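All chains are named by letter (A, B, ...) in the order of the sequence lines, taking the proteins before the strands, and each is independently numbered beginning at 1. Since the structure is predicted, the reported quantities are computational estimates derived from the model, not experimental observations.
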Protein chains: 2
Amino acid sequence: MKEKNEMPQCDCTIIHNDVIDRVRGEMPAAGHFYDLSELFKSLGDQTRLKILFALSRNEMCVCDIAALLDMSQSAISHQLRVLRNVRLVKYNKVGKVVYYTLDDNHVNEIFKQGLDHVAHQ
Amino acid sequence: MKEKNEMPQCDCTIIHNDVIDRVRGEMPAAGHFYDLSELFKSLGDQTRLKILFALSRNEMCVCDIAALLDMSQSAISHQLRVLRNVRLVKYNKVGKVVYYTLDDNHVNEIFKQGLDHVAHQ
DNA sequence: GTAACATATGAATGTTTGTTCATATGTTAC
DNA sequence: GTAACATATGAACAAACATTCATATGTTAC
């Protein structure tokens with residue numbers, strides 16, 4: 001029989017205090033994790049990945065992307081905003097047409113490593 | 001006044017059919033986008049990023065991670081399962097203790113590129 | 001066998017996210 | 001000015017997700 005007021009669970013005899021203390025000291029600032037998670041979150045959606053791949057091949061306007069992916073203009077526009085927010089894409093307005101391109105080529109590197117990982121069996 | 005039965009919106013005079021057709025031909029298989037999005041989704045969470053960073057510094061058991069991040073053992077265990085599912089971490093059981101490590105070093109590369117991107121202003 | 005502990009897991013809950021729909025903004029051509 | 005069109009955006013809603021809680025599994029030491 002357990003005593004109910006004696007917290008059980010895993011207040012575990014933390015097995016490796018030395019490691020914990022050292023790694024805690026090496027932890028990047030919280031803000032970095034936040035920014036990184038926002039970046040990867042934006043890559044964690046098939047539609048956005050397809051948009052990024054397409055833009056890695058050619059500059060495209062919103063309608064082009066919508067036609068290519070067979071999705072509504074609105075859906076694409078919303079997703080482009082997400083990609084803009086993390087500075088993965090930038091745009092160039094020409095009259096009423098807005099041309100999107102990749103912002104830099106970190107995306108391509110990340111993409112490549114990612115494909116490597118999933119292909120690797 | 002618009003006629004209501006004449007679909008408006010953006011059935012747009014798709015401005016660049018040539019580009020669309022070419023890029024469509026270059027699109028990777030749908031499965032690749034799915035796998036990639038699952039991978040990045042798993043990286044799109046601060047807790048999991050912290051776990052991965054910690055493991056990049058040192059092998060750790062579940063309790064170590066929970067203590068380091070000041071979170072419940074259960075929460076960490078759930079997140080580790082997500083990371084296992086995309087093969088970002090693997091484990092080694094020694095008695096009742098389960099030691100986790102990174103599965104390969106694509107993670108480190110992806111991490112680095114990601115940090116580069118967010119640091120770059 | 002039992003007690004203690006490290007980890008895993010299912011259900012529940014609140015939050016976040018992707019798409020749709022309706023509509024607004026801004027540009028071009030008249 | 002108006003009509004037509006490319007894009008953006010707010011609200012709404014369903015689906016996906018992260019954490020908590022309670023509990024199950026599996027191991028060690030007795």
Note to self: With a cut-off of less than 4.0 Å, is there a side-chain N or O of A:T47 near OP1 or OP2 of C:dT19?
What the structure shows: yes

Note to self: Are more than 12 heavy atoms, taken from residues, nucleotides or ligands other than A:Y99, located less than 6.0 Å from that residue's OH atom?
What the structure shows: yes

Margin query: What is the distance, to the nearest angstrom, from the CD atom on A:Q46 to the P atom on C:dT19?
Written below: 10 Å

Check: What is the ring orientation for B:F111 with A:F33, classed by angle as parallel under 30°, tilted 30 to 60°, or perpendicular over 60°?
Finding: perpendicular

Next item on the list: Nearest whole angstrom, please: distance from the C1' of C:dT7 to the CD1 of B:I76.
Entry: 12 Å

Notebook entry, point to check: Does a side chain donor of either B:D104 or A:H117 reach within less than 3.5 Å of an acceptor in the other side chain?
Noted result: yes

Checklist line | D:dT7 phosphate, OP1 or OP2, under 4.0 Å from A:R81 side-chain N/O | finding: no

Check: Given that both distances must come in under 3.5 Å, which nucleotide forms a Watson-Crick or G-U wobble pair with D:dT19?
Finding: C:dA12

Checklist line | Whole-Å gap separating P (D:dT19) and CG (B:D45) | finding: 5 Å

Next item on the list: Check whether any side-chain nitrogen or oxygen of B:Q79 sits under 4.0 Å from OP1 or OP2 of D:dT19, and answer yes or no.
Entry: yes

Notebook entry, point to check: Does any N or O donor sit under 3.5 Å from an N or O acceptor when you compare the side chain of B:S77 with the base of C:dT9?
Noted result: no

Next item on the list: Measure the distance from NZ on B:K41 to C1' on D:dA18 and round it to the nearest whole Å.
Entry: 14 Å

Checklist line | Nearest-nucleotide comparison on DNA chain C, the residue closer to the 5′ end among A:A75 and B:L80 | finding: B:L80

Notebook entry, point to check: Do A:S74 and C:dC21 have a side chain to base donor-acceptor pair shorter than 3.5 Å?
Noted result: yes

Check: What is the distance, rounded to the nearest whole Å, between atom CZ of B:F40 and atom P of C:dT17?
Finding: 17 Å

Next item on the list: In whole angstrom, give the distance that lies between atom CG of A:N85 and atom C1' of C:dG18.
Entry: 15 Å

Next item on the list: Would you confirm whether the ring centroid of A:H32 sits within less than 6.0 angstrom of the ring centroid of B:F53?
Entry: no

Check: Rounded to the nearest Å, what distance is computed from the NE2 atom of residue A:H78 to the P atom of nucleotide C:dA22?
Finding: 14 Å

Margin query: Could you tell me the Watson-Crick or G-U partner of D:dT27, where both distances fall under 3.5 Å? Say none if there is no partner.
Written below: C:dA4

Note to self: Measure OH/A:Y91 against P/C:dT25 and give the value in whole Å, please.
What the structure shows: 17 Å

Next item on the list: Measure distances between side-chain N and O atoms of B:Q73 and base N and O atoms of C:dA6, and say whether any donor-acceptor pair falls under 3.5 Å.
Entry: no

Checklist line | Heavy-atom closest contact (B:I110 atom, A:Q113 atom, distance) | finding: CG1-CB, 3.5 Å

Note to self: Let me spell it out: for each of A:K96 and B:M71, pick the nucleotide of DNA chain D with the closest heavy atom. Which residue's pick is nearer the 5' end?
What the structure shows: A:K96

